[in-house]
Number of protein chains: 2
Amino acid sequence: MSAAAGGEDGQHAPSRSPSLRERNREAVVDADAVVVDGDEPPSARVPLSRERIIEAAIAYIDEHGLPGLTMRRLGTTLGVEAMSLYRYVAAREDLLDAVVETLVDEMERDADVITSPEHGWQDFLQRLAHGVRRIALSHPQAFPLVASRPAEAPWLRPPLRSLRWVETFLAGLHAEGFGDEAAVAAYRAFTSFLLGHLLLEVSALGADVGPLDILSDSDDKSLEPYAHVRRLAPFLKEDHSAVEFEEALENLLDRVDLIRTEEHRSS
Amino acid sequence: MSAAAGGEDGQHAPSRSPSLRERNREAVVDADAVVVDGDEPPSARVPLSRERIIEAAIAYIDEHGLPGLTMRRLGTTLGVEAMSLYRYVAAREDLLDAVVETLVDEMERDADVITSPEHGWQDFLQRLAHGVRRIALSHPQAFPLVASRPAEAPWLRPPLRSLRWVETFLAGLHAEGFGDEAAVAAYRAFTSFLLGHLLLEVSALGADVGPLDILSDSDDKSLEPYAHVRRLAPFLKEDHSAVEFEEALENLLDRVDLIRTEEHRSS
DNA sequence: ACCTGAACACCGTTCAAGT
DNA sequence: ACCTGAACACCGTTCAAGT
C-alpha cells in the first residue's frame, strides 16, 4: 500500500545542493577567522571538521529525510570519501547524537530566547517554548530524532535534553521564587507539553498526501463505515496548530502557576 | 562517547528466543483452526503468513530494538530465508507500517477499553488513555514508531492514527452530547496529551544508564557548572510517571469539559 | 596531518529456479 | 503454492597505504 512511497527514498539522491555547500564554506571561514586569524591558504580546499559534518548532516536530513542519510552520501555531499568522516565522528550513531545536540543548542543563538527571566517566569517559559517550536518547524525531518534518541538519563527529558537547558530552566524558575519541587514539577509538565505538540505538528507536516486526503469532496467508499469522520472532515482538515499551541501553552502556564502556589502552602 | 553503545546493537543477534517461537506457533494454530478447520498435516512446518511475520517483528523489536530488526534476521527467527518474507510484505517499510497498525489495533482486544461510552465521556476517555498507555509500556521499543512513521493524513494524529479509532472517538463524544467542533477540538487535545506523556515515559525506560546517572551521590566534576541540577538531583531522579499521567489526564478532562460547554454557548 | 583504496561483513530486494 | 540460490546495488566500518 504505502510501500512504494517508502521504498523510493532510500535509493538515488542526486546531490545538487549549492546552498548547502555555501553554508558550510561560510561556517568554516567564520571558525578559521576566530582560531587561525588570518593565515589560511586562500583558495585551498576547506578542511573537514566535526561541525561541518554535523551541519551537513542536518541539511541533508532536512532535504532528504533521515533514512536517506548515509555515511557515503554525506561524504559525497562534502566532497570527500565516506571513510574520511570517521576522523571526526566515531560512527553514524555518534553523528546522530551530535545532530540532536546541535539542534538543541541552536536555541542558544536564538535572540528571542532569554537565558534568565527578565519579565517574569511566564514570559521566560513562553520564549523558551517558542524557541523550541521554531527549531522543530525549521527542521521537521530532524526533530523527531530529539525524541527518539536514547537519553543520557531518564530525567533529561526531550526536547530539553541537555544539562545546560535543564539548568537554565530550573535556575530561571528558582530566581522567580519557585520552590524546589515546584520547579521540577514545572519542568516535567513543560517538557511533555512541548514534546506532544511539536511532534504532532511536525508529523502533520510530513504526512503523506495519500488517498485519504481526498476525503472531503466526495463519498469515498473507503469511508463508508466512518460516518462521523466523514461528517467532521471539514473540521478535521483545518490546521489550527499555531493557535492550538498558544492555547495549550496558556493552559500549561496556568497549571504551572497552580503548582507554584500549591507548594507555597504545603512545604 | 555514546557511540560504542550504539554501534554494538547492529551486529550479532543470536536468535535464542523460545518464547517468541511458541507465541507464533500458537497464533498460527488458532488461525488454521478457524480457516481450514481440521485437516492440517500434524507435524508439518507452520506456513508463513502476514500476521505471523508482523507478530514476530514486534517481538523482535521488543527484544532487540528497532535498528536490530533486519529482514534477514527476522527470516531466521521464523525459520525461513529473508526472501520468503517478500511474499507477504512488500518491503521493510511496509512491514513497519503494519507493525504500527497492529500495535494500534491491539487496543481493540483490550477488555478495559470500551468502544462507546457507558458511564459518561470522562470514563470513556480515561479507558482509552489507559489502553494506549498499556500498549506503549508493553512495547517501549516499538512505540516510538507510532509517532515517527509518516501519517496517512495530517489529521490522523498519533497515537490514535487509524480511521477506526478516530471514528470511535468522535462517535463516542457525539453520543455524549458534544458538538462537532468540540469533538474535534477534544480529539486534538487528547492526542497531543497522550503522545507527549507516553513518548516521554517510554523514552525514560530506554535511557542509557550512563555516567550522568551517578550524579546524585557525589559532586561529580562534570556537574560543576550546573548548581541547580545538582541540588535538585534527588527530585529529578524520582519517577512519578504514573501519578503524573493521572494528573495530566485529569487536567485534560477539565479542559475538554471547558471546550464542550464553551461550544454550547457560542455555536 | 589528513584523506583514500581495498576489503569485510552485513543490508534490502529481485527473479529465475527448485519442490 | 510456497520457498530458496544466486545475484545486484548498496551499507557501515577498519586499516594499511598514500600524499
Side-chain angles (χ1 to χ4, degrees), chain A residues 2-15 28 32 35-36 39-41 44-53 56-57 60 64-99, chain B residues 3-15 28 31-32 35-36 39-41 44-53 56-57 60 64-99:
Chain A
S2 55
E8 200 80 296
D9 69 1
Q11 298 303 80
H12 323 292
S15 56
V28 166
D32 276 358
V35 176
V36 184
D39 64 342
E40 67 278 37
R45 209 188 194 33
V46 236
L48 234 38
S49 75
R50 189 162 226 264
E51 291 70 37
R52 217 154 84 80
I53 293 172
Y60 198 97
H64 305 285
L66 179 59
L69 181 70
T70 264
M71 297 303 276
R72 293 173 125 113
R73 300 218 272 248
L74 184 57
T76 305
T77 268
L78 289 161
V80 112
E81 299 297 317
M83 312 90 202
S84 310
L85 304 176
Y86 289 89
R87 287 234 142 222
Y88 306 90
V89 301
R92 184 172 187 268
E93 295 291 307
D94 177 45
L95 174 60
L96 294 183
D97 284 340
V99 162
Chain B
E8 199 80 296
D9 69 1
Q11 297 304 80
H12 323 292
S15 58
V28 166
D32 275 359
V35 174
V36 184
D39 64 341
E40 67 279 35
R45 207 186 197 31
V46 237
L48 234 38
S49 77
R50 188 162 225 266
E51 292 68 39
R52 216 155 83 81
I53 292 172
Y60 198 97
H64 304 286
L66 179 59
L69 180 70
T70 264
M71 297 303 277
R72 293 173 125 112
R73 299 218 274 249
L74 184 57
T76 306
T77 269
L78 289 161
V80 111
E81 299 297 317
M83 312 91 205
S84 312
L85 303 176
Y86 289 89
R87 286 235 142 223
Y88 306 91
V89 300
R92 184 172 187 268
E93 295 291 308
D94 176 46
L95 174 59
L96 294 183
D97 284 340
V99 161

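Naming: A, B, ... by sequence-line order, numbering from 1 per chain.
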Participant: Please round to the nearest 0.5 Å and tell me the distance separating atom CG of L74(B) and atom OH of Y60(B).
Facilitator: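 Answer rounded to 0.5 Å: 8.5 Å.
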Participant: Please check if the side chain of R92(B) supplies one atom and the backbone of M71(B) the other of a donor-acceptor pair under 3.5 Å.
Facilitator: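 Here the side-chain-to-backbone pair does not exist.
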Participant: Does T70(A) have a side-chain nitrogen or oxygen under 4.0 Å from the phosphate oxygens OP1 or OP2 of dC10(D)?
Facilitator: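 Checking dC10(D) against T70(A), no side-chain N or O comes under 4.0 Å of OP1 or OP2.
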Participant: With side chain to side chain contact (heavy atoms under 4.5 Å, CB included) as the criterion, how do L95(B) and L85(B) come out once you've worked through the C-alpha distance, each side chain's angles and the decisive distance to 0.1 Å?
Facilitator: CA-CA 10 Å; L95(B) 174 59; L85(B) 303 176; 6.0 Å; no
Participant: Which residue, R72(A) or E81(A), contacts DNA chain C at a nucleotide closer to its 5' end, judged by nearest heavy atom?
Facilitator: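 Final value for this comparison: E81(A).
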Participant: Rounded to whole Å, please give me the gap between CZ in R73(A) and P in dG12(D).
Facilitator: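 Those two atoms, CZ and P, are 8 Å apart.
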Participant: Only Watson-Crick and G-U wobble pairs with both distances less than 3.5 Å should count. Give DNA chain D in dot-bracket notation, marking inter-strand partners with |.
Facilitator: ||.|||||...|||||.||
Participant: Under the 3.5 angstrom rule, does the side chain of S49(A) hit a backbone N or O of R52(A) as a donor-acceptor pair?
Facilitator: yes
Participant: Given dT4(C), dG12(D), dC3(D), identify the nucleotide with an atom nearest to the side chain of M83(A).
Facilitator: dT4(C)
Participant: Between atom CG in L78(A) and atom C1' in dT4(C), what is the gap in whole Å?
Facilitator: 15 Å
Participant: Please check the phosphate of dT4(C) (OP1 and OP2 only) for any side-chain N or O of S84(A) closer than 4.0 Å.
Facilitator: yes
Participant: Map L69(A) and A82(B) onto DNA chain D by nearest heavy atom, then report which one ends up closer to the 5' terminus.
Facilitator: A82(B)
Participant: For R50(B), give me all partners under salt bridge (Lys or Arg N to Asp or Glu O under 4.0 Å), at least two apart in sequence or on another chain.
Facilitator: D94(B)
Participant: Just verifying a value: how many Å separate Y86(B) OH and I53(B) CD1, rounded to the nearest 0.5 Å?
Facilitator: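 So the gap between those two atoms works out to 10.5 Å.
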Participant: Could you check how far OH of Y88(A) sits from C1' of dC3(C), rounded to whole Å?
Facilitator: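 After rounding, the reported distance stands at 9 Å.
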Participant: Roughly, in whole Å, what's the span from CE in M71(B) to P in dA9(D)?
Facilitator: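 Whole-Å distance recorded here is 20 Å.
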Participant: Just how far, in rounded Å, is C1' of dC3(C) from CD1 of I53(A)?
Facilitator: 12 Å
Participant: Specify the separation, in whole Å, of atom CZ of R87(B) and atom C1' of dG12(C).
Facilitator: 18 Å
Participant: When the distance from CZ of R50(B) to C1' of dC2(D) is rounded to whole Å, what number comes out?
Facilitator: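 That distance rounds to 17 Å.
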Participant: Do you know the tightest heavy-atom contact between L48(B) and S84(B)?
Facilitator: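 Minimum heavy-atom contact is CD2-CB, 3.9 Å.
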Participant: Specify the separation, in whole Å, of atom OH of Y86(A) and atom P of dA17(D).
Facilitator: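 Those two atoms, OH and P, are 21 Å apart.
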